[in-house]
J.: 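Just dropping this structure here.
Just so it is clear: chains get the letters A, B, ... in the order the sequence lines come, proteins before strands, and each one is counted from 1. Note that these values count all heavy atoms, side chains included, but never hydrogens, waters or copies made by symmetry. Values in this document were obtained by computation on a predicted structure and should not be read as measured data.
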Amino acid sequence: MDVRVRFAPSPTGFLHIGSLRTALYNFLFARHHGGVMILRVEDTDRTRLVEGAMDEQIASLAWAGVTFDEGPHVGGAYGPYVQSERFDLYREHAQVLLANGTAYYAFDTAEELDAMRTRQQAAGIAPRYDRSAMRNQFTLGEAETQRLLDDGAPHVVRLLVPLTREVRFTDMVRGDVVVAGREIDDQILLKSDGFPTYHLANVVDDHLMRISHVIRAEEWLPSTPKHVLLYEAFGWAPPIFAHVPLLLNPDRSKMSKRHGDVMVRDFRARGYFPDALVNFVALCGWNPGSTGEFFSMEELIQHFALERVQKAGAIFDYKKLDWMNAQYLTSKDPAQLADVLLPLLQERGHAYIERDYVAAAIKLLRERVTFLADIAEFGDYIFGDTLATLASDVAQGLRENSALRKACEHIRAHLDLSSAESFKTCASEAAAAGGLKPGQFMKPLRMVLTHREVGADLYETLTLIGTERCLARLDAYLA
RNA sequence: GCACCGUUCGUCUAGAGGUUAGGACACCGCCCUUUCAAGGCGGUAACACGGGUUCGAGUCCCGUACGGUGUACCA
């Protein structure tokens, strides 16, 4: 079978991290099987459109490495790939169902439907369209229906759900699913504005675009029986379904803001590497069956299988994501990281930002931070000579520490960075000159030279900064 | 309420009838060490519950509980 999958977002906002994962699974599945990845824009709700949303989503996807073979931005043989441009198609297909008796006209107003639902809830029954009591083709009769249609009365087209049978389908993640027909609502297919609902457009397009596998989030599972019915009504073979589990908040509800960032652009802005994010998110709900934790996109493609997708939702663990990002940070090429960090250092007005120098600094500091950009702040004493401002009591303590001053005077005169050994020796001698043990001297010395309590190995740090700048800082302290 | 789906350490998960229930994050301890990390080593910690089936059940079946999703002229 030719594998053709699609990611079908609505352009109503930024790309959600959960959507990224759904898109990613589609992408991995397509690539694994040498299939085709399609982007289809589901913009049938005219009231929720957001300007620029689709471009943002495509950009976020591209940033993460998820690309498409067909779509509005790349073309393809099954277009157009924007549903609002396929308007006539849905009308025609609705007509087919109307003609073969699997759909019908209904004329109820929003108020009437509200009243119906209120009544049903009061009576303790499930809110569903009451075909025999509302204003539709069946209750009104053929002549009246035709008259209303001719008059241009507002109407919708509904799916005629068979009440007495079961609808069943096999889901690649969940197995066999069976739902009784009487539990399924007579879904609106065509809205009164002439636009299709998701259900109609989705089924028509999936068929016309020859989609082989529908891989989407679990929230769609309850409406899948309607879709199966629709395929039957058209006389089409349904695609294979795979409903992937949701990404969850710590309280196990569907992942949302309130608990943290959820938009891909947020993660990007915070400094996560796209490959780290993809690696992490791929492993939220899927695993390759081995104990490895790190997978490049190529490796994910190689190992991905729907059969190994989890059934239960996964709580999004920001801490583990941070860990993963830090792991990627320590494994990437310092020179390339330098290219990324450089503009940031420039923005901060730093003076010592020669590429090799920055790369060396990254190598020195990256094991101590989560994000590349952290290094700009964490290592400011390397990139510039303006040291962080110390709290006044700390500064005073340093200044008035006579033992430290003596030790610093000594090391000012004898600083030797020619080797780790020589530095150790001169530091020990300096400590002794101030009446300090070496261990008591190193930390204050670091404070004097970097204005920070923590950092990389002091000898390596000072070597990078260079003797000259170190001496200048000692002078500044001693002045 | 009803329908559907789900339930292994706090979290992500391995496990396809016989395992000392494994790994990763987090947490704790030790080592390393001039700090903080990183790294190494070790530790705490789980099969929701109840019935079956079976010589044997985390694994199969049923029920219960709990949770999630859906229940729109939104997707």
J.: The criterion is ring-ring contact (aromatic ring centres under 6.0 Å, His included); which residues satisfy it with A:Tyr90, sequence neighbours excluded?
T.: none
J.: Could you list the residues that satisfy side chain to side chain donor-acceptor pair (under 3.5 Å) with A:Lys254, not counting sequence neighbours?
T.: A:Glu219
J.: Could you work out the separation of B:G68 and B:C73 based on their C1' atoms and round it to a whole Å?
T.: 27 Å
J.: Using atom P in both nucleotides, what's the gap between B:G15 and B:C9 to the nearest angstrom?
T.: 16 Å
J.: Just the rounded figure in Å: distance from P of B:A24 to OH of A:Tyr318.
T.: 25 Å
J.: Roughly how far apart, to the nearest Å, are B:A14 and B:A24 at atom C1'?
T.: 11 Å
J.: Of A:Val178 and A:Asp317, whose nearest nucleotide on RNA chain B comes first from the 5' end?
T.: A:Val178
J.: Would you kindly say whether A:Arg174 and A:His243 are connected by a side-chain donor-acceptor distance under 3.5 Å?
T.: no
J.: Can you check the distance between B:G42 and B:G22, where both ends of the measurement are the P atom (answer in whole Å)?
T.: 14 Å
J.: Send over the distance from A:Leu321 CG to B:A24 P, rounded to a whole Å.
T.: 19 Å
J.: By ring-ring contact (aromatic ring centres under 6.0 Å, His included), which residues pair with A:Tyr104, not counting sequence neighbours?
T.: A:Phe138
J.: For A:Tyr81 and A:Asp205, does a side-chain donor sit closer than 3.5 Å to a side-chain acceptor?
T.: no
J.: For B:C4, give its Watson-Crick or G-U wobble partner with both distances under 3.5 Å, or none.
T.: B:G68
J.: Can you confirm whether A:Lys424 is buried at NZ, in the sense that more than 12 heavy atoms of other residues, nucleotides or ligands lie under 6.0 Å from that atom?
T.: no
J.: Within the 4.0 Å limit for protein heavy atoms, which parts of nucleotides 58-71 of chain B are touched? Write it as a string from 5' to 3', B for base, S for sugar-phosphate only, - for none.
T.: ---------SSSSS
J.: Give the nucleotide from the list B:C12, B:C4, B:C73 with an atom nearest to the side chain of A:Val156.
T.: B:C73
J.: Taking the P atom of each, how far is B:C27 from B:U11, in whole Å?
T.: 16 Å
J.: Distance under 6.0 Å and angle within 45° of the ring axis: does A:Arg158 meet both against A:Tyr105?
T.: no
J.: Using Watson-Crick or G-U wobble geometry with both distances below 3.5 Å, tell me the partner of B:G50, or none.
T.: B:C62
J.: Pairing check on B:G10: which nucleotide meets the Watson-Crick or G-U wobble criteria with it, both distances under 3.5 Å?
T.: B:C25
J.: With sequence neighbours excluded, tell me which residues meet side chain to side chain donor-acceptor pair (under 3.5 Å) with A:Tyr25.
T.: none
J.: What pairs of nitrogen or oxygen atoms, one from the protein and one from nucleotides 13-15 of chain B, lie under 3.5 Å apart?
T.:
residue: B:U13; atom: OP1; partner: A:Gly285; partner atom: N; Å: 2.7
residue: B:U13; atom: O3'; partner: A:Asn287; partner atom: ND2; Å: 2.8
residue: B:U13; atom: O3'; partner: A:Gln310; partner atom: OE1; Å: 3.4
residue: B:A14; atom: OP1; partner: A:Asn287; partner atom: ND2; Å: 2.4
residue: B:A14; atom: OP1; partner: A:Gln310; partner atom: OE1; Å: 3.4
residue: B:A14; atom: OP2; partner: A:Gln310; partner atom: NE2; Å: 3.0
residue: B:A14; atom: O3'; partner: A:Arg308; partner atom: NH2; Å: 3.3
residue: B:G15; atom: OP1; partner: A:Arg308; partner atom: NH1; Å: 3.3
residue: B:G15; atom: OP1; partner: A:Arg308; partner atom: NH2; Å: 3.0

J.: Do any N or O atoms of the protein come closer than 3.5 Å to N or O atoms of nucleotides 27-38 of chain B, and which pairs are they?
T.:
residue: B:U34; atom: O4; partner: A:Asp457; partner atom: OD1; Å: 2.7
residue: B:U35; atom: O2; partner: A:Gly455; partner atom: N; Å: 3.1
residue: B:U35; atom: N3; partner: A:Arg446; partner atom: NH2; Å: 3.1
residue: B:U35; atom: N3; partner: A:Gly455; partner atom: O; Å: 2.7
residue: B:U35; atom: O4; partner: A:Gly455; partner atom: O; Å: 3.4
residue: B:U35; atom: O4; partner: A:Ala456; partner atom: O; Å: 3.4
residue: B:U35; atom: O4; partner: A:Asp457; partner atom: N; Å: 3.2
residue: B:C36; atom: O2; partner: A:Arg368; partner atom: NH1; Å: 2.6
residue: B:C36; atom: N3; partner: A:Arg368; partner atom: NH1; Å: 2.1
residue: B:A37; atom: O2'; partner: A:Glu367; partner atom: O; Å: 2.4

J.: Could I get a table of every N or O pair under 3.5 Å where one atom is in the protein and the other is in nucleotides 43-47 of chain B?
T.:
none

J.: My understanding is that a pair needs two contacts under 3.5 Å, Watson-Crick or G-U wobble. By that rule, which nucleotide pairs with B:A45?
T.: none
J.: Out of B:U11, B:C4, B:C73, which nucleotide sits closest to the side chain of A:Val177?
T.: B:C4
J.: Distance between the P atoms of B:U7 and B:C12, in whole angstroms?
T.: 12 Å
J.: Mind listing the N/O atom pairs, protein and nucleotides 18-22 of chain B, below 3.5 Å?
T.:
none

J.: Under a 3.5 Å cut-off for both contacts, is B:C32 paired Watson-Crick or G-U wobble with anything, and if yes, with which nucleotide?
T.: none
J.: Quick one: list whatever passes ring-ring contact (aromatic ring centres under 6.0 Å, His included) with A:Phe241, sequence neighbours left out.
T.: A:Phe169
J.: For RNA chain B, which residues of residues 8-20 of chain A approach it to below 4.0 angstrom with any heavy atom?
T.: A:Ser10
J.: Just say parallel, tilted or perpendicular for the rings of A:Phe29 and A:Phe304, cut-offs at 30° and 60°.
T.: perpendicular
J.: Can you check the distance between B:U59 and B:A48, where both ends of the measurement are the P atom (answer in whole Å)?
T.: 8 Å
J.: B:A37 and B:A75: how far apart are their C1' atoms, nearest whole angstrom?
T.: 46 Å
J.: Under the rule for salt bridge (charged side-chain N to carboxylate O under 4.0 Å, His left out), what residues qualify as partners of A:Arg168, not counting sequence neighbours?
T.: A:Glu166
